**Q** 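The structure that follows is given in the form of structure tokens.
First listed ligand is number 1; within each ligand, the first listed atom is number 1. By convention here, the first residue in the shown sequence is residue 1. Note that the coordinates shown come from a computational prediction; the quantities given were computed from them, not determined experimentally.
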Amino acid sequence: MSRIAYVNGRYVRRSQASVNIEDRGYQFADGVYEVCEVRGGQLVDERRHMERLVRSLTELRIALPMSLTALSVVLHEVVRRNRVMDGIVYLQVTRGVARRDHAFPAPEVPPSVVVTANRLDVGRAEALAGEGIAVITVPENRWDRVDIKSIALLPNVLAKQQAREQGAREAWYVGRDGKVTEGSSSNAWIVTRDGKVVTRQADHGILRGITRTVLLDAIKAKGLDLEERPFTVAEALAAREAFLTSASQIVMPVVRIDGHPIGNGAPGLLSTALRREFRRYSEVS
Ligand code: PDD
């Protein structure tokens with residue numbers, strides 16, 4: 001766990017880090033977050049994560065708590081103080097502290113900011129990528145603005161728990177149209193038998209993953225066949241490969257969906273190559 005956290009202007013020990021019980025994040029999940037990968041002590045694709053943060057805040061009419069330059073200093077400082085070389089940095093911004101009332105506080109209150117950083121075991125992640133993971137499918141039951149990276153994650157929590165209880169590491173949401181939207185904390189991809197890479201277009205039905213965006217650059221640069229469109233569970237089951245993307249998992253091969261093996265049941269060649277390739281297209285700062 002993060003030893004040092006940034007909480008509203010101060011770097012504090014975790015044992016002393018706390019938020020007000022009237023914080024609207026705690027009361028209403030009225031806030032947004034970002035998770036950025038840390039690699040070799042540097043932030044991966046910070047610029048894109050900050051762009052998405054600004055978009056999420058704007059959509060919810062929460063003020064940017066400080067300049068992006070100041071925020072960048074805080075993110076790097078939390079990484080440094082926790083001596084994280086490889087891991088993630090977590091940033092949360094909520095609408096602030098006010099007496100409990102569903103409507104926005106009037107007058108406005110300053111947003112609350114929390115930043116933590118945690119190490120991830122790179123060796124373990126690579127071993128997992130070498131084996132591939134199992135995924136289950138669950139009915140899509142989230143609101144229709146999941147493009148906003150809101151901290152309201154109860155459906156995602158329940159889906160992930162269901163996956164865990166069924167021996168899988170991720171749950172893919174399936175809409176009423178039978179099409180996969182995304183995972184509970186990742187974007188979903190398949191490679192069809194004729195070699196097309198397919199992932200859902202980034203509309204309001206999915207979070208526009210930063211890893212997804214960077215991987216699209218890699219796929220286009222390599223001249224691979226790409227289709228940004230929804231795919232069905234049946235298509236995924238018949239696919240040659242499947243994988244998911246997120247800041248903490250990069251490109252993670254999926255080898256089983258609802259207990260059925262995908263392709264030959266081992267991580268796909270393209271998924272594995274794209275995992276390696278990702279680093280060439282991401283920015284570090
Ligand atoms: N999850 N879709 C959902 C619902 C997510 O929560 C995430 C990220 C993604 C992938 O986005 P990105 O590539 O920018 O990480 C897609 C983060 C890692 C989390 O909740 O921990």
**Q** Testing V180, V254, V255 one by one against V135 for a side chain to side chain contact (heavy atoms under 4.5 Å, CB included), which residue passes?
**A**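 Of V180, V254, V255, side chain to side chain contact (heavy atoms under 4.5 Å, CB included) with V135 is met by V254 alone.
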
**Q** Working to the nearest 0.5 angstrom, can you tell me the gap between H49 NE2 and L68 CG?
**A**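 Here the interatomic distance stands at 14.0 Å.
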
**Q** Contact between ligand 1 and K149 is defined here as a heavy atom of the residue under 4.0 Å from a ligand atom; is it met?
**A**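 Yes.
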
**Q** Within the 4.0 Å heavy-atom shell around G183, which atoms of ligand 1 are there?
**A**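 What qualifies from ligand 1 is 4 (C).
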
**Q** Under a 4.0 Å N-O cut-off, is there an ion pair linking E235 with R229?
**A**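 So E235 pairs with R229 through a salt bridge.
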
**Q** What's the shortest distance from atom 1 (N) of ligand 1 to any protein heavy atom, and which residue and atom give it?
**A**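 Going atom by atom, the protein heavy atom closest to atom 1 (N) of ligand 1 ends up being S185 O, 3.3 Å.
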
**Q** Polar contacts were defined as any N/O atom of the residue lying under 3.5 Å from an N/O atom of the ligand; does this apply to T211 and ligand 1?
**A**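 For ligand 1, there is an N or O atom that lies under 3.5 Å from one belonging to T211.
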
**Q** Of the protein's non-hydrogen atoms, which lies at the shortest distance from atom 11 (O) of ligand 1, and what is that distance?
**A**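 Looking at atom 11 (O) of ligand 1, the protein heavy atom closest to it is G209 CA, 3.3 Å.
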
**Q** F243 vs W189 aromatic rings, parallel, tilted or perpendicular, using cut-offs 30° and 60°?
**A**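 Aromatic pair F243/W189 classed parallel.
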
**Q** What is the nearest protein non-hydrogen atom to atom 2 (N) of ligand 1, stated with its residue, atom name and distance?
**A**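 The answer is E182 OE1, 2.6 Å.
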
**Q** Has Y90 got any heavy atom lying under 4.0 angstrom from an atom of ligand 1?
**A**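 False for this residue.
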
**Q** Quick one: does R52 get a heavy atom under 4.0 Å from ligand 1?
**A**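 It does; at least one heavy atom falls under 4.0 Å.
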
**Q** Suppose we measure from atom 21 (O) of ligand 1 to each protein heavy atom; which comes out shortest, and what is that distance?
**A**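 Heavy-atom neighbour on the protein nearest atom 21 (O) of ligand 1: V35 CG2, 3.6 Å.
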
**Q** Considering only protein heavy atoms, which is closest to atom 15 (O) of ligand 1, and at what distance to one decimal place?
**A**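 For atom 15 (O) of ligand 1, the nearest protein heavy atom comes out as A247 N, 2.8 Å.
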
**Q** If you count every heavy atom of other residues, nucleotides or ligands that lies below 6.0 Å from R83 atom CZ, does the total exceed 12?
**A**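 Counting other residues, nucleotides and ligands, CZ of R83 stays at 12 neighbours or fewer.
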
**Q** What's the shortest distance from atom 20 (O) of ligand 1 to any protein heavy atom, and which residue and atom give it?
**A**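 Among all protein heavy atoms, the one nearest atom 20 (O) of ligand 1 is Y33 OH, 2.8 Å.
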
**Q** Just to verify, what does S18 make a side chain to side chain donor-acceptor pair (under 3.5 Å) with, not counting sequence neighbours?
**A**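 Side chain to side chain donor-acceptor pair (under 3.5 Å) check on S18 returns nothing, list empty.
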
**Q** Output yes when the distance from some N or O of ligand 1 to some N or O of N156 is under 3.5 Å, and no in every other case.
**A**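 Among all N and O atoms of N156, none is under 3.5 Å from an N or O of ligand 1.
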
**Q** In ligand 1, which numbered atoms sit nearer than 4.0 Å to a non-hydrogen atom of N187?
**A**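 This gives 10 (C), 16 (C) as the contact atoms.
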
**Q** If you round to the nearest 0.5 Å, how far is CG of L269 from CG of L274?
**A**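 With rounding to 0.5 Å, CG (L274) is 11.0 Å from CG (L269).
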
**Q** Verify the neighbour count for atom CZ of R256: are there more than 12 heavy atoms of other residues, nucleotides or ligands below 6.0 Å?
**A**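 No - once you tally the heavy atoms of other residues, nucleotides and ligands closer than 6.0 Å, there are 12 at most.
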
**Q** Give yes if a backbone or side-chain nitrogen or oxygen of I210 is under 3.5 Å from a nitrogen or oxygen of ligand 1, and no if not.
**A**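 Yes, since at least one N or O of I210 sits under 3.5 Å from an N or O of ligand 1.
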
**Q** If you measure every N/O of T245 against every N/O of ligand 1, is any gap under 3.5 Å?
**A**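 It does not: no N or O of T245 is found under 3.5 Å from an N or O of ligand 1.
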
**Q** Determine, for F104 and R95, whether the Lys NZ or Arg CZ falls below 6.0 Å from the six-membered ring centre while staying within 45 degrees of the axis.
**A**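 Yes, R95 sits over the ring of F104.
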
**Q** Atom CG of L158 and atom CZ of R142: how far apart are they, to the nearest 0.5 Å?
**A**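 That separation rounds to 12.5 Å.
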
